[in-house]
**Q** 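I'd like to ask some things about the structure below.
Order of appearance sets the numbers: ligands from 1, and atoms from 1 within every ligand.
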Amino acid sequence: MKNQLFSWFNNQIPIHMLQKIDEIRERAKSAAIESIEELEQYRLQFLSKKGVLNQLFADFKNVALDDKKSVGQSINDLKTFLQERFDERKLALEQVSDSSTKTDLTRPSTSLPWGTRHPISLVRKEINDIFGRMGYVIADGPEIEDDWHVFSALNFAEEHPARDMQDTFFIQQKPDILLRTHTSSIQVRTMENQKPPIRVICPGRVFRNEAISARAHCIFHQIEGLYIDKDVSFADMKQTLLVFAREMFGEKTEIRLRPSFFPFTEPSAEMDVSCSICGGKGCNVCKYSGWLEIMGCGMVDPNVLKEVNIDPEVYTGFAFGMGVERIAMLKYQIKDLRLYFENDLRFLEQFSKQV
Ligand code: DAH
């Protein structure tokens with residue numbers, strides 16, 4: 001008390017400053033801080049270099065020595081108060097702006113465009129479905145194969161060109177491990193594990209060491225078919241493939257079988273369908289022949305049956321294999337194989353109406 005009176009008479013600063021500190025505290029308490037702009041106003045007014053707090057520290061120099069302790073304490077308390085209010089409002093405002101942009105659970109979601117089925121998937125499904133209706137079931141096999149399943153069991157001669165690195169991707173040699181070059185390897189796996197009657201359809205990816213162009217690719221898809229039972233004949237095969245061709249390309253489609261050679265079938269044939277584009281009259285798609293080649297086929301060679309312990313004296317069967325890309329090209333008149341792999345939406349969106 002004595003000190004205060006003394007100060008009051010000699011130097012009015014302490015009383016004056018304590019009042020001022022209270023006033024500032026009241027002003028700061030009632031200052032509206034409801035937006036980022038108001039927060040900045042608050043900072044400028046109270047906490048910045050030219051703000052009132054710094055002014056108080058400047059005035060503090062003139063406080064009498066005896067009063068420095070209490071006044072200093074008050075200024076420090078005020079400083080803490082001003083800073084705490086600032087921090088607390090800042091946090092609250094940031095949370096408000098965060099929650100309004102990130103977690104409004106009532107907002108309707110942004111709609112994403114539907115994807116479409118790839119033309120290869122569409123055609124593969126259609127082929128599987130057609131054969132499914134004729135009693136064929138789907139069989140599967142690995143893409144990485146050994147020589148026996150891809151070549152030896154299928155009666156390929158030791159020096160056959162397909163066994164060359166130029167045509168086949170080898171992963172390892174002696175023992176040979178490779179990427180299958182055709183789905184015929186799935187025939188072998190099925191016959192190894194199942195007793196006749198066997199009626200399977202085997203879709204899958206195959207790999208060949210080819211330069212990529214409009215007409216060739218190193219990865220493509222095949223579908224293999226196999227039917228083994230007692231008394232299966234070439235006529236059965238022809239009728240089955242005719243039904244398939246008409247379901248796939250239309251009721252008026254005709255088929256033609258030309259003699260050919262495959263190591264695993266005897267006799268072997270190449271099957272053509274009448275051109276679905278010109279109806280057989282001749283156009284640039286069928287190269288004016290009226291026919292389109294779509295698959296290889298034939299009666300399973302007795303040597304193949306022996307390899308998998310099926311008695312060729314009791315059982316016979318037929319097999320066929322076709323390229324899915326080729327069928328899709330004919331069906332949708334696609335001119336370049338590379339389109340299947342490029343994922344260009346302008347190409348893929350054209351199939352959005354197909355199911
Ligand atoms: N595997 C043959 C190829 O890739 C296609 C083929 C032809 C499969 C005749 C067969 C067949 O099952 O009987 O060219």
**Q** Heavy atoms under 4.0 Å from ligand 1: which residues qualify?
**A**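 Within 4.0 Å of ligand 1, protein side: H182, S184, Q187, R208, Q222, E224, F262, F264, T265, G296, C297, G298, A319, F320, G321.
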
**Q** Which residues pass the salt bridge (Lys or Arg N to Asp or Glu O under 4.0 Å) test with K29, sequence neighbours left out?
**A**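 K29 satisfies salt bridge (Lys or Arg N to Asp or Glu O under 4.0 Å) with E26 only.
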
**Q** Evaluate the ring planes of F341 and H221, with Trp represented by its six-membered ring, and classify them as parallel (under 30°), tilted (30 to 60°) or perpendicular (over 60°).
**A**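 Ring orientation, 0 to 90° scale: parallel.
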
**Q** Parallel, tilted or perpendicular: which describes the rings of H160 and F156, with under 30° parallel and over 60° perpendicular?
**A**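 Because their plane-to-plane angle is over 60°, the rings of H160 and F156 count as perpendicular.
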
**Q** Who passes salt bridge (Lys or Arg N to Asp or Glu O under 4.0 Å) against E224, sequence neighbours left out?
**A**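 If we apply the salt bridge (Lys or Arg N to Asp or Glu O under 4.0 Å) test to E224, skipping adjacent residues, there are no hits.
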
**Q** Students often mix this up, so state it plainly: with edges at 30° and 60°, are the rings of H118 and Y340 parallel, tilted or perpendicular?
**A**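 Answer is tilted, since the angle falls between 30° and 60°.
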
**Q** Considering only distance and modelled atom types, tabulate donor-acceptor pairs under 3.5 Å from the side chains of residues 314-323, sequence neighbours left out.
**A**
from: T316; atom 1: OG1; to: V232; atom 2: N; distance (Å): 3.0
from: T316; atom 1: OG1; to: V232; atom 2: O; distance (Å): 2.8

